[in-house]
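Quick note: residue numbers are just sequence positions, from 1.
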Amino acid sequence: MLLDSASMYFRAFFGVPEIKAPDGTPVNAVRGFLDFIARLVTDYQPTDLVCCWDNDWRPQWRVDLLPSYKAHRVVTERTGAPDIEEVPDPLEVQVPIILEVLEAFGLCVVGADGYEADDVIGSLASQARQPVDIVTGDRDLFQLVDDEADVRVLYIARGVGRHERVTNDWVRAKYDIDARQYADFATLRGDASDGLPGVAGVGEKTAATLLQRFGDMDAIIAAAVDPDGDMGPGPRGRIKAAADYLAVAPQVVAVARDIDLDSPATALPREPVDLARVALLGEKWGIESPVQRLTEALVSR
């Protein structure tokens, strides 16, 4: 089980009412995130679990290709270090607490410098030798769904308790394409939340139709530039007008699958590795109940 950690703790922060620790520090995201993990472990009984981390939420190599990538979320630009993302102050103070609690439990946390959590997930999923469940509220990860390799997404956009199990049939029913085509579909359609403009005049239906007819982005571009290609004048003009964008966007949208993560210890522990520290953190931050629920979820497996 691969957790898109930021997707989950953002969801916890906005979905769980404000709760404060004894010292006044907000801990609603901490509580919600731990409860999400406890529920998923109870429901799915994974043998291995990784909390995948954004070491760089906006990698420079993606920005170099497409400067608009996530630009609207930048608070402060930095040279030689990741830009500062716009994060609510009451959430920002909770992220170190989440990491501290995960470490005390012995849950595997994996990030990679210069890469997003999506890339860590893509690499772990592609290199796994067992079935994989990816937990996320991010549609971009639909590109990793692979029925043959037994990789699916547990999509939590409507909440962890109401998540959807995304397989290739689910993607086909929703978008009329295969999961392997999703990255090209997202490139064509665009995504304002990630600063991807898409191809002007091409929405979901046109993007799906193009992929149904031509298969992938390379074939779509080839048909557009071929005077004898089997493409109507409207789509042909739009694809040709977006040539500069289409030359770089597919690399930005595609999730990395080949990062060397040095074989992290992903096995889910049967109990917290440091019971005393877990108890101390539970008391310090006023999170005894979610700590107990996660402990019980681990022990009961």
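Between the CG atom of Leu275 and the CG atom of Leu280 there is a distance of 12.5 Å, given to the nearest 0.5 Å. Here the CG atom belonging to Leu34 is positioned 8.5 Å from the CG atom belonging to Leu107, to the nearest 0.5 angstrom. Leu246 CG to Met217 CE: the interatomic distance, rounded to the nearest 0.5 Å, is 5.5 Å. In this structure, Leu196 CG and Asp191 CG are separated by 6.0 Å, a value rounded to the nearest 0.5 Å. Rounding to the nearest 0.5 Å places CG of Leu3 at 6.5 Å from CG of Leu40. For the atom pair CD (Glu271) and CG (Leu294), the distance works out to 12.5 Å, reported to the nearest 0.5 Å.
Listed here is the closest heavy atom pair of Met231 and Ile220: CE-O, 3.4 Å. The heavy-atom pair separating Pro272 from Val278 by the smallest distance is CB-CG2, 3.8 Å. Scanning both residues, Tyr245 and Pro250, for their nearest heavy atoms gives O-CD, 4.3 Å. Shown here for Pro264 and Leu124, the closest heavy-atom pair between the two residues is CG-CD2, 4.3 Å. Nearest heavy-atom pair across Trp53 and Ile98 is CH2-CG2, 4.1 Å. Across all non-hydrogen atoms, the minimal contact from Ile134 to Val132 is CG1-CG1, 4.0 Å.
A side-chain donor-acceptor contact under 3.5 Å links Gln94 to the backbone of Val30. Remark: side-chain polar atoms of Arg162 are not paired, donor with acceptor, to backbone N or O of Ile156 under 3.5 angstrom. Judged purely by atom type and a 3.5 angstrom limit, Ser300 uses its side chain to pair as donor or acceptor with the backbone of Ala297. Of the possible donor and acceptor atoms, none in the side chain of Thr25 sits under 3.5 Å from a partner among the backbone N and O of Ala21. Side-chain N or O atoms of Asp56 include none that pairs as donor or acceptor with a backbone N or O of Tyr115 at under 3.5 Å. The main-chain N or O of Val291 is never found under 3.5 Å from a side-chain atom of Arg31 such that the two would form a donor-acceptor pair. With hydrogens and angles disregarded, a donor-acceptor distance shorter than 3.5 Å links the side chain of Asp54 to the backbone of Ala117. Although no hydrogens or angles enter the test, the distance criterion places a donor-acceptor pair under 3.5 Å between the side chain of Arg236 and the main chain of Asp226. Put simply, the side chain of Glu283 never gets that close to the backbone of Ala279: no donor and acceptor are under 3.5 Å apart. At distances below 3.5 Å, at least one donor-acceptor pair connects side-chain atoms of Lys70 with backbone N or O atoms of Trp57.
Between Trp170 and Tyr155, the ring planes are perpendicular. Angles over 60° get that label, and only those under 30° would be called parallel. Ring pair Tyr182/Phe185 is tilted by interplanar angle, where 30° to 60° counts as tilted.
Inter-residue side-chain proximity for Val199 and Arg189 is flagged as unmet; no heavy-atom pair is nearer than 4.5 Å. For the pair Val202 and Pro235, the minimum side-chain heavy-atom distance is 4.5 Å or more. Arg301 has its side chain within reach of Arg270: a pair of non-hydrogen atoms, C-beta onward, lies under 4.5 Å apart. Between Cys108 and Cys51 the shortest side-chain heavy-atom distance does not fall below 4.5 Å. Looking at heavy atoms from C-beta onward, Pro88 lies in side-chain contact with Phe13 at the 4.5 angstrom threshold. The closest side-chain heavy-atom distance from Val273 to Phe105 is not below 4.5 Å. Residues Asp133 and Pro46 have side chains not in contact (no heavy-atom distance under 4.5 Å, counting atoms from C-beta outward). With contacts defined as side-chain heavy-atom distances shorter than 4.5 Å, the pair Leu211/Asp184 qualifies.
With respect to the salt-bridge test (charged N to carboxylate O, under 4.0 angstrom), the residues Arg58 and Asp194 do not qualify. Salt bridge annotation for Arg152-Glu164: absent, with no cationic side-chain nitrogen under 4.0 angstrom from a carboxylate oxygen.
Val110 and Val255 fall within a single hydrophobic cluster, where Ile, Leu, Val, Met, Phe, Trp and Tyr are joined by side-chain heavy atoms under 4.5 Å apart, directly or via other members. Cluster annotation: Val101 is connected to Phe36 through the hydrophobic network of ILVMFWY side chains, with a link wherever side-chain heavy atoms come within less than 4.5 Å. Linking Ile, Leu, Val, Met, Phe, Trp and Tyr whenever their side-chain heavy atoms come within less than 4.5 Å leaves Met8 and Leu141 in two separate clusters. Cluster annotation: Val120 is not connected to Leu49 through the hydrophobic network of ILVMFWY side chains, with a link wherever side-chain heavy atoms come within less than 4.5 Å. Hydrophobic cluster membership is shared by Val16 and Phe10, with clusters built from Ile, Leu, Val, Met, Phe, Trp and Tyr side chains linked at under 4.5 angstrom.
The local environment of CD in Glu296 is crowded, with over 12 non-hydrogen atoms from other residues, nucleotides or ligands closer than 6.0 Å. Within 6.0 Å of the CG atom in Asp23, the count of heavy atoms belonging to other residues, nucleotides or ligands exceeds 12.
A side-chain donor-acceptor contact under 3.5 Å links Asp176 and Gln212. Between Asp258 and Gln127, the side chains place no donor N or O within less than 3.5 Å of an acceptor N or O (distance only, hydrogens not considered). Side-chain contact check for Asp138 and Thr136: no donor-acceptor pair (N or O, by modelled atom type) lies under 3.5 Å.
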Exercise for the section: With side-chain contact (heavy atoms from CB on, under 4.5 Å) as the test, would you mind laying out the steps for Lys20 and Val27 before giving the verdict? Expected result: CA-CA 5 Å; Lys20 293 187 176 180; Val27 290; 5.8 Å; no

Practice task
Kindly indicate, with the supporting measurements, whether the criterion side-chain contact (heavy atoms from CB on, under 4.5 Å) is fulfilled by Arg165 and Leu154.
Solution key: CA-CA 5 Å; Arg165 298 182 181 93; Leu154 305 182; 3.9 Å; yes

Handout entry: Worked check of side-chain contact (heavy atoms from CB on, under 4.5 Å) between Arg39 and Tyr44
Key = CA-CA 8 Å; Arg39 179 162 190 164; Tyr44 287 95; over 6 Å; no

Practice task
Show the numbers, then the answer: is there a salt bridge (charged side-chain N to carboxylate O under 4.0 Å, His left out) between Asp119 and Arg62?
Solution key: CA-CA 12 Å; Asp119 301 309; Arg62 282 192 167 105; 2.8 Å; yes

Handout entry: Full working for side-chain hydrogen bond (donor to acceptor under 3.5 Å, both in side chains) between Glu288 and Gln292
Key = CA-CA 6 Å; Glu288 292 95 338; Gln292 181 63 27; over 6 Å; no

Problem - side-chain hydrogen bond (donor to acceptor under 3.5 Å, both in side chains) assessment of Gln130 paired with Asp150 - result: CA-CA 8 Å; Gln130 59 186 316; Asp150 215 352; over 6 Å; no

Exercise for the section: Would you please test Asp35 and Arg293 for side-chain contact (heavy atoms from CB on, under 4.5 Å) and show each step? Expected result: CA-CA 7 Å; Asp35 278 340; Arg293 286 189 286 270; 2.8 Å; yes

Handout entry: Asp147 vs Asn168, side-chain hydrogen bond (donor to acceptor under 3.5 Å, both in side chains): CA-CA, chis, key distance, verdict
Key = CA-CA 6 Å; Asp147 290 357; Asn168 192 69; 4.9 Å; no

